[in-house]
Amino acid sequence: MRFEFTEEQLMMQQMVRNFAEEVVKPRASDIDVTDEFPMDIFKQAGKLGLLAINFPERYGGSGADTTSAVLASIEIAKASAAVANICSSIRHHLFCLYHYGTEEQKEKYMPAMAKGELIGSFSLSEPGSGSDASSIKTSAKIDGDEYVINGNKIWITMGNVADFSIVFAVTDPTKRSKGITAFIVDKDTPGFSVGKREQKLGQKGNPVCELIFENVRIPKSNMLGKEGEGIKIALHSLDSGRIEVAALAVGLMQAALEDSVNYAEKRTQFGQKISNFQLIQAMISEMATDLDAASLLTYRAAYLKDRGGKFTKEASMAKWFATEAVMKHTTNAIQIHGGYGYCKDYNVERYFRDAKLTQIFEGTNQIQQIVIAREVLKQWSK
Ligand SMILES: Cc1cc2nc3c(=O)[nH]c(=O)nc-3n(C[C@H](O)[C@H](O)[C@H](O)COP(=O)(O)OP(=O)(O)OC[C@H]3O[C@@H](n4cnc5c(N)ncnc54)[C@H](O)[C@@H]3O)c2cc1C
């Protein structure tokens with residue numbers, strides 16, 4: 001086993017570090033306060049090839065591996081978790097198109113998405129259906145050569161700025177999870193509209209909206225994958241997305257550790273640096289150890305994904321561990337900063353708010369535990 005990155009991975013890390021330090025970090029607080037989608041930064045990320053790092057060059061990607069994408073996510077998340085999440089969401093949509101799209105669909109959407117000229121969204125969740133994705137109610141009924149979509153989706157990341165959405169709808173209600181199909185719906189299709197935008201706790205600047213479908217007619221050729229394959233596509237892409245969420249948590253934890261160490265070295269109480277106090281050191285040592293453990297779990301999941309084969313359990317382990325750890329340690333980062341940490345003059349309160357989402361989306365951490373247990377029981381039962 002080698003604990004080293006390749007030259008290409010290190011080059012990607014350095015390039016993204018420069019972008020994050022020079023472009024993203026100076027704007028992070030502003031994005032958090034204004035809650036506006038940072039379109040200019042997004043376009044720059046597209047020009048630098050950061051949206052499609054681990055996709056083939058023929059579809060506009062950089063042809064790098066998932067570890068490179070993970071390293072990029074970590075660097076951007078250190079500066080702004082919202083921007084990192086925007087970039088990794090695009091890779092989530094690209095993953096669906098790359099693995100399940102027809103050649104025509106890939107050519108139409110992927111190169112433009114890779115350049116930041118086209119934005120997608122992923123429409124699975126509904127008011128009555130979150131963790132239990134198979135219980136969605138949005139329907140797609142066949143009518144001649146078209147499908148007619150009706151229903152409501154909520155929590156859709158970038159729903160209000162997206163040019164199209166990958167929409168999951170019931171095509172055969174008698175088959176439950178096997179009766180769900182994915183479709184590509186362009187934003188200008190009559191009957192498709194954007195509803196309420198949610199006011200979130202954190203990850204400001206990365207909008208989340210309701211999407212409404214009222215008799216939206218789309219041609220059969222807009223089906224993504226095969227009829228009845230929707231849940232398979234959703235779960236496969238969520239496995240991959242969970243590695244990126246773990247990376248986001250690792251990036252936030254790195255930022256929390258760096259800020260905590262710097263603050264503890266400068267702040268004095270009782271006539272000495274607070275970093276001399278063993279109770280402060282206990283928080284820092286646990287933060288650093290969990291950061292390493294979370295990073296290693298995330299790199300392992302990325303490596304397994306690139307090697308081919310199943311990585312469901314490892315992606316869930318990385319997501320669960322890293323996101324529990326980031327919540328604990330962004331809380332402790334505020335503790336180390338004392339009262340100052342509770343105010344906006346320091347970044348740790350933003351890290352704390354941004355961290356919470358990582359425990360909820362791409363499958364809550366309770367769902368990750370269910371997935372891990374299911375895989376472990378399968379693996380270890382004789
Ligand atoms: C900011 C944000 C962005 C999002 N982006 C998207 C997006 O782009 N596209 C999209 O489709 N969705 C998106 N989501 C939705 C997200 O995936 C769901 O919020 C998530 O899957 C949980 O669903 P829920 O909120 O309905 O909670 P519920 O499923 O209702 O869960 C509520 C609680 O019950 C627990 N629970 C549920 N089932 C079980 C079980 N079997 N055993 C034990 N505990 C259980 C959960 O862990 C949780 O603690 C986003 C959500 C947020 C907040």
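Whatever order the structure lists them in is the order used to number ligands and atoms, beginning at 1. Hydrogens, waters and symmetry mates play no part in the numbers below; they use all other heavy atoms, side chains included.
Close approach of ligand 1 to V208 (heavy-atom distance below 4.0 Å) involves ligand atoms 1 (C), 2 (C), 3 (C). For ligand 1, the atoms lying closer than 4.0 Å to a non-hydrogen atom of T364 are 22 (C), 46 (C), 47 (O). For ligand 1, the atoms closer than 4.0 angstrom to any heavy atom of L124 are 11 (O). Remark: ligand 1 atoms within the under-4.0 Å shell around heavy atoms of K200 are 1 (C). The atoms of ligand 1 that sit less than 4.0 Å from any heavy atom of L357 are 1 (C), 2 (C), 52 (C), 53 (C).
Of the protein's non-hydrogen atoms, S131 OG, 2.6 Å is the one closest to atom 29 (O) of ligand 1. Ranking protein heavy atoms by distance to atom 17 (O) of ligand 1, first place goes to S125 OG, 3.8 Å. Remark: minimum distance from atom 45 (C) of ligand 1 to any protein heavy atom is reached at Q366 CB, 4.3 Å. Regarding atom 20 (C) of ligand 1, its nearest protein heavy-atom neighbour is I360 O, 3.7 Å. From the protein, the heavy atom lying nearest to atom 39 (C) of ligand 1 is I367 CD1, 4.1 Å. At the top of the distance list for atom 7 (C) of ligand 1, counting protein heavy atoms only, stands W155 O, 3.1 Å. Protein heavy atom nearest atom 24 (P) of ligand 1, with residue, atom name and distance: G130 CA, 3.9 Å. With hydrogens left out, the protein atom closest to atom 8 (O) of ligand 1 is T157 N, 3.0 Å, a heavy atom.
Side-chain contact annotation: Q379 with K313, donor-acceptor N/O pair under 3.5 Å present. Residues N152 and E126 bring no donor and acceptor atom of their side chains to less than 3.5 Å of each other.
Taking the six-membered ring for Trp and the full ring otherwise, Y109 and Y59 have centroids separated by 6.0 Å or more. For Y351 and H329, the distance between ring centers is not under 6.0 angstrom.
Tested against H92, the residues S240, S121, S237 include a single side chain to side chain donor-acceptor pair (under 3.5 Å) partner, S237.
A302 approaches V70 most closely through the heavy-atom pair CB-CG2, 4.0 Å. The shortest non-hydrogen separation linking T298 to A247 is CG2-N, 3.9 Å.
Backbone and side-chain nitrogen or oxygen atoms of F122 are examined, and one is located within less than 3.5 angstrom of a nitrogen or oxygen of ligand 1.
Contact annotation for I370 and ligand 1: only side-chain heavy atoms (C-beta onward) come within less than 4.0 Å of the ligand.
A salt bridge does not link K108 to E104: none of the charged nitrogens lies less than 4.0 Å from a carboxylate oxygen.
The aromatic rings of F311 and H236 sit tilted, their planes meeting at an angle between 30° and 60°.
I119 places none of its side-chain heavy atoms less than 4.5 Å from the side chain of F164.
I284 and V348 fall within a single hydrophobic cluster, where Ile, Leu, Val, Met, Phe, Trp and Tyr side chains are chained together by heavy-atom contacts under 4.5 Å.
Atom 26 (O) of ligand 1 is approached by the protein to below 4.0 angstrom, counting heavy atoms only. Within the 4.0 angstrom cut-off, atom 33 (C) of ligand 1 has no protein heavy-atom neighbours.
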